[in-house]
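Data block below; observations after.
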Amino acid sequence: MSRINYKSMILTASQFLLYLLFIPALSSAADTLSVNQSLSGNQTLVSLNGNFEMGFFRPGNSSNFYIGIWFNKTIVTNERVVWVANRDSPVSDSFTSILKIIDGNLVLLNESNSLVWSTYMNSTATAVSATLLDDGNLVLRYGSGSSLSIWQSFDHPTHTFMPGMKLLYNKRTNTSQVLTSWRNAEDPGMGLFSLELDHNNKQFLIKWNRSVVYWTSGSWNDGDKLFRVEPEMRLNYIYNFSYVDNENESYFTYSLYNPSIISRFIIDIPGQVKQLSWLDSTREWNLFWPQPRDLCDVYGGCLIAFKPSSKNDWNLGSFSSGCVRKTEVNCSITIEKPTFLLSYVNKSFLSAFLENEAQQLDESACRCSCLHDCVCNAYTFISSKCQHWNRENLNKISLGFVSNDSYLEKSQFHIKVASKDLPYLTENSCKYNKDVNRGAVVGSIAVVVFVLCVILFMVRRRKTMILVGKTTMEGSLMA
Ligand SMILES: *[C@@H]1O[C@H](CO)[C@@H](O)[C@H](O)[C@H]1NC(C)=O
Ligand SMILES: *[C@@H]1O[C@H](CO)[C@@H](O)[C@H](O)[C@H]1NC(C)=O
Ligand SMILES: *[C@@H]1O[C@H](CO)[C@@H](O)[C@H](O)[C@H]1NC(C)=O
Ligand SMILES: *[C@@H]1O[C@H](CO)[C@@H](O)[C@H](O)[C@H]1NC(C)=O
Ligand SMILES: *[C@@H]1O[C@H](CO)[C@@H](O)[C@H](O)[C@H]1NC(C)=O
Ligand SMILES: *[C@@H]1O[C@H](CO)[C@@H](O)[C@H](O)[C@H]1NC(C)=O
Ligand SMILES: *[C@@H]1O[C@H](CO)[C@@H](O)[C@H](O)[C@H]1NC(C)=O
Ligand SMILES: *[C@@H]1O[C@H](CO)[C@@H](O)[C@H](O)[C@H]1NC(C)=O
Ligand SMILES: *[C@@H]1O[C@H](CO)[C@@H](O)[C@H](O)[C@H]1NC(C)=O
Ligand SMILES: *[C@@H]1O[C@H](CO)[C@@H](O)[C@H](O)[C@H]1NC(C)=O
Ligand SMILES: *[C@@H]1O[C@H](CO)[C@@H](O)[C@H](O)[C@H]1NC(C)=O
Ligand SMILES: *[C@@H]1O[C@H](CO)[C@@H](O)[C@H](O)[C@H]1NC(C)=O
């Protein structure tokens, strides 16, 4: 007792006084925040049966705080969050920021008492309480006893589709509710990928930047209760999807056949929808399926032999800044034998950007001429004509991705990569115009790969497609 820190005691005492004066204590494990109460620091609301918890959280090592709702019973910090209020407007200190009801809205004030987030209702009826329900829904009500909600978090989804939530199209306002991926593991802000309802075709879509559709579930068949293209989305018998269509709205909703399962249906950071279930035995999330199955089928995802250009992005699972070769290939590096990766690009793109005059060569000679040309980064061999791509920037072509056009409008594009980064076609020595036989073999392998690709493409019946003939190792990396 000889070395009392008076300064901190005074501070603590005054803080406590402040607390008593202005912030009525939130009883521990309350599920409701009433008008005149506030939530800050590590205080949380806990739903009645303890299923969900709500309060400030920090994603990963981020220095920012967000108001979120998370599964109480799972442990992996980021992967328990199902909803984020201020996803694009974080606060930097949870203890001096407060969440409270002001003028009928639930609002978040930052350390300088500025409004950073609100439920933004103009309703004349003012909310007086916010309750966290056991299904993870946060509802604002006129009174704590009232059952009528005037705002609910289920109507403002972030990246998780919860049982009982509607993913809807509002026919009166012509607006869709959209799930949007996080930017990265440390930033729950609006990412580039979104899951929405296509009410004309009763299906889910994933879009890039709210514009480019690169995946569809296929239309919902009410009779079989299956999606035409992706039946496995329900074949695990965990999700009981249903589709509702009336004069006001169309929507998908679902329930869990076994309500005691803790499951997440999310649009993940790299642009895949995933269904995961929590396994108590291993205390981790078990991935049932990602869609699209392959990360390379995600718009802007990286082709095999490529990696995201920003290391940070890679670690955080986001590919927004484009892709670069895993191993550089240029003439100063002779150890890494280069070879070619078959991809596809938009035909009009090619005609606008190919570098040299088309040459009449056979395919193996074309291939070899690019291989031996230090500045050649890729070649095309179309209608017996050989052309080189000498630019380094392969991001510009979205690395093989071609948006909604049909297969026939696409062209083969052979990108120079290090052979060690490809699990196939490893033998590729090429002696320009000298070893014709070998060249012919390599050429015919390329044709076989190409034919396989066409077949694979037909089988997959995808509207969009990126790369073929690769392993699934890329896809599983982010799982
Ligand atoms: C909230 O505080 C205001 C002003 O102090 C008071 O008039 C009002 O009755 C309080 N409301 C509740 C529900 O306690
Ligand atoms: C909540 O924050 C206070 C003040 O920093 C701290 O003393 C307390 O241990 C925290 N409680 C929990 C459960 O983390
Ligand atoms: C979280 O769940 C556990 C297990 O059901 C429960 O014991 C605990 O009280 C819950 N946490 C909170 C803060 O309610
Ligand atoms: C946070 O940083 C530490 C140290 O740099 C690192 O070990 C840890 O994996 C990081 N955690 C997350 C969630 O990124
Ligand atoms: C609080 O939010 C306001 C408005 O967004 C911003 O100008 C201010 O810098 C923030 N204060 C702090 C301490 O972050
Ligand atoms: C609230 O009113 C403002 C101004 O009248 C309007 O711009 C805004 O769209 C309204 N918000 C909602 C949610 O209706
Ligand atoms: C919504 O779309 C329908 C059909 O395209 C159109 O008739 C209607 O006027 C639109 N309503 C609004 C509010 O934009
Ligand atoms: C997304 O689209 C908007 C316009 O709708 C555009 O301004 C923005 O640059 C696009 N983002 C990217 C990463 O291309
Ligand atoms: C599946 O959902 C529908 C619509 O909500 C419901 O009528 C049906 O009983 C559910 N089936 C099961 C087995 O839970
Ligand atoms: C559509 O909205 C109107 C007006 O809010 C309501 O009266 C009607 O019952 C709604 N229809 C359905 C099928 O929910
Ligand atoms: C070739 O690779 C080396 C090593 O990464 C690099 O320093 C050099 O700039 C590259 N040359 C060209 C022309 O890209
Ligand atoms: C094909 O590429 C050209 C040139 O980049 C672009 O203008 C066009 O929109 C692309 N077409 C499709 C269907 O992506």
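In each ligand, atom 1 is the first atom listed, and ligand 1 is the first ligand listed. Worth saying up front: this structure is predicted, and the values here are computed from it rather than measured. Numbers for residues simply follow the sequence, beginning at 1.
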For atom 5 (O) of ligand 9, what's the nearest protein heavy atom and its distance?
-> Ser242 OG, 4.1 Å
of all protein heavy atoms, closest to atom 11 (N) of ligand 10 is Asn248 ND2, 2.8 Å
Name the orientation class of the two ring planes belonging to Phe57 and Tyr66 (parallel below 30°, tilted from 30 to 60°, perpendicular beyond 60°).
-> tilted
Answer with yes or no after comparing the ring centroid distance for [X] and [Y] against a 6.0 Å cut-off, counting only values under it.
| X | Y | result |
| --- | --- | --- |
| Phe241 | Phe227 | yes |
| Trp83 | His159 | no |
| Phe56 | Phe95 | no |
| Phe52 | Phe71 | yes |

Against heavy atoms of Asn110, which atoms of ligand 5 measure under 4.0 Å?
-> 1 (C), 2 (O), 3 (C), 8 (C), 10 (C), 11 (N), 12 (C), 14 (O)
Counting from 1, what ligand 5 atoms have a heavy atom of Ser114 closer than 4.0 Å?
-> 1 (C), 2 (O), 3 (C), 4 (C)
Tyr257, any N or O under 3.5 Å of ligand 9 N or O = no
Closest by any non-hydrogen atom to atom 2 (O) of ligand 9: pick that one out of Asn258, Asn240, Thr253.
-> Asn240
Examine ligand 10 and decide if any of its atoms is less than 4.0 Å from a heavy atom belonging to Arg172.
-> yes
Would you say atom 14 (O) of ligand 10 has a protein heavy atom nearer than 4.0 Å?
-> yes
Do any non-hydrogen protein atoms sit less than 4.0 Å from atom 9 (O) of ligand 9?
-> no
Before signing off on this row, confirm whether Ser92 and ligand 5 have an N or O atom pair separated by under 3.5 Å.
-> no
Tyr239 and Tyr257: CA distance, side-chain angles, deciding distance, ring-ring contact (aromatic ring centres under 6.0 Å, His included) verdict | CA-CA 6 Å; Tyr239 291 167; Tyr257 286 114; 9.1 Å; no
Examine distances only and state if a side-chain atom of Asn86 and a backbone atom of Ile67 form a donor-acceptor pair shorter than 3.5 Å.
-> yes
